[in-house]
Amino acid sequence: MRNQQATQLLFELSRPGRRAVQLPPCDVPTRPIEEWIPAEALAASPPPLPELTEPDIVRHFVNLSTLNMSVDTHFYPLGSCTMKYNPKRNERLASQSGFADVHPYQPETTLQGLLAILHSVQEMLAEIAGLEAVSLQPAAGAQGEMTALLVAAAYFRDRGEHRRTVLIPDAAHGTNPASAAMAGWSTIQVRSTAQGLVDLEDLSRKLSSETAVFMMTNPNTLGLFDGQIAEIARRVHAYGGLVYLDGANMNAILGIARPGDFGADMMHFNPHKTFSGPHGGGGPGAGPIAVTAALAPYLPVPIVVRTDRGGYRLDYDRPKSIGRVRSFFGNTGVLVRTYCYLRTLGPDGARRVAENAVLNANYLLSRLKTFLDIPHGDRCMHEFVASASALKASQGITAMDIAKRLLDFGFHAPTVYFPLIVKEALMIEPTETESKATLDAMAEALERICREPADLLHQAPHSTAISRPDEVRAARTPILKFS
Ligand SMILES: *Cc1c(COP(=O)(O)O)cnc(C)c1O
């Protein structure tokens, strides 16, 4: 259903003389404007703003808000992103004045409640990670990666070791090599096996005394837990290297396995994925990192610490610290939500999150594999990757066609064309907050789509305000003004 009202711009809706509120002329004597603003600074005529009634404006924005899909309106199985439902209570608690209206320059004595919460988040994340120390400062998962890689650089520099390279599997998220490059390392790609796991032989060939870090996502981006992780860590450590765990997929192992226990020296969390923070437009994210005791001295400042008198303070006195990676102590709003989420669930609840996320993904996988190829395995963790390769070969139907057509059925599209090692990839992550009825409806829609004529699919979506924008042009030459 195309919505004309919503897609017209306010300038197009404008009619001369329309007003939202019309007040009678002011009967309080005022000084003429020329007396307090110099004549040369005054515009000759008012700016050409749209002229609208209040209902024009309200309907415009409310209708616009319905053109997009969100977790609150639709099932959103965007692989790798963990678009789970965010409990509204967390939002209400985090927006309380004591959290939302504090200023970073306030004296610490007036921030004790917030600092107590941040300290508790540090402790809970350290426990979940199975690692000793946490910095809450990075503003996103990707910045957490970069921060940890700067911590690794400081660690090796301090030990007088000259290492140059970071090894990264070919299944990795694009942020991994980007973060490594930004932190000054050169990167080397490690191959995956046909089963979608790290190729141990290739890893061993590429490991050397130059290796600083091996970065790994586990469960990996194919939704598989790489059971070789202890052996991988042993080999990396044998060369004096460090193991970095990309924690974006913690939703699959929360409360079940701890990265520190399976060999990781450092990791990041994505609270906007695992701990129900809003993504993107919902507010800033965070990318806390956890590290071993050996790496702790290099963490960014400040760290929240307990005082002798039972209070809390920000510790800046850490001479080996890499310094700050962002202003003040990080995006605390999303960390307050993390606190609410974890305290509400408790350890048993956190484990059930992972169990249900994995159960939901396996249920959907078992329904989809009857009509779509799932190249890497019959079982998955919290997500899996299907492939439209066979459909493309036989009928010219691509992963993009399927993803676009799903919008017509009221489902947000899965992640497509990632990971790069699967052709025509559809990466599906249902999360634990969806019911069996929703998963069944999605499976039925997908099955129907796979049997639809290619022509219909190439033109999809048919029900949205915009069908298929030129994605490259939309990103490179966006039209940013109305004229
Ligand atoms: C989301 C994601 C990241 C990056 O996290 P951001 O918080 O979006 O910066 C890194 N690795 C993987 C595997 C991810 O899914």
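Not measured: the values here are computed from a predicted model. Both ligands and their constituent atoms are indexed starting at 1 by order of listing.
- Residue-to-ligand polar distances place Asn270 within reach of ligand 1: an N/O pair is separated by less than 3.5 Å.
- Looking at Ala286 next to ligand 1, no N or O pair under 3.5 Å apart turns up.
- Side-chain atoms of Pro302 and Asp315, non-hydrogen and from C-beta on, never get closer than 4.5 Å to each other.
- The nearest heavy-atom contact from the protein to atom 11 (N) of ligand 1 is Asp246 OD2, 2.5 Å.
- With hydrogens and angles left out, the side-chain atoms of Thr211 and Arg164 include no donor and acceptor closer than 3.5 Å.
- Residue contacts with ligand 1: His272 is included, with a non-hydrogen atom under 4.0 Å away.
- Side-chain contact, Ser204 with Arg235: a donor N or O sits under 3.5 Å from an acceptor N or O.
- Ligand-side atoms of ligand 1 in range of Ala248: 2 (C), 11 (N), 12 (C), 13 (C), 14 (C), 15 (O), range being under 4.0 angstrom from any heavy atom.
- Of all the heavy atoms of Ser80, the ones lying under 4.0 Å from any atom of ligand 1 are found in both the backbone and the side chain.
- The aromatic ring centres of Phe225 and Phe262 sit less than 6.0 Å apart.
- Close approach to Ala142 involves these atoms of ligand 1, each under 4.0 Å from a residue heavy atom: 4 (C), 5 (O), 6 (P), 9 (O).
- Of the polar atoms of Cys81, none of the N or O atoms is found under 3.5 Å from an N or O of ligand 1, judged by distance alone.
- Glu161 and Tyr155 share no side-chain donor-acceptor pair at under 3.5 Å.
- Within the listing of ligand 1, atoms 10 (C), 11 (N) sit less than 4.0 angstrom from a heavy atom of Glu145.
- Side chain to side chain, Ser276 and Asn90 meet the donor-acceptor criterion of an N or O pair below 3.5 Å.
- With hydrogens and angles left out, the side-chain atoms of Asp265 and His237 include a donor and acceptor closer than 3.5 Å.
- Asn176 and Tyr244 form no side-chain donor-acceptor contact under 3.5 Å, judged by distance and modelled atom types alone.
- Residue Thr221 has no nitrogen or oxygen atom sitting less than 3.5 Å from a nitrogen or oxygen atom of ligand 1, judged on distance alone.
- Two rings, from Tyr76 and His74, have their centers 6.0 Å or more apart.
- The contact set between ligand 1 and Thr175, taken as ligand atoms under 4.0 Å from a residue heavy atom, comprises 3 (C), 4 (C), 10 (C), 11 (N).
- Considering backbone and side-chain N/O of His268, none are found under 3.5 Å from N/O of ligand 1.
- The protein heavy atom nearest to atom 1 (C) of ligand 1 is Lys273 NZ, 1.5 Å.
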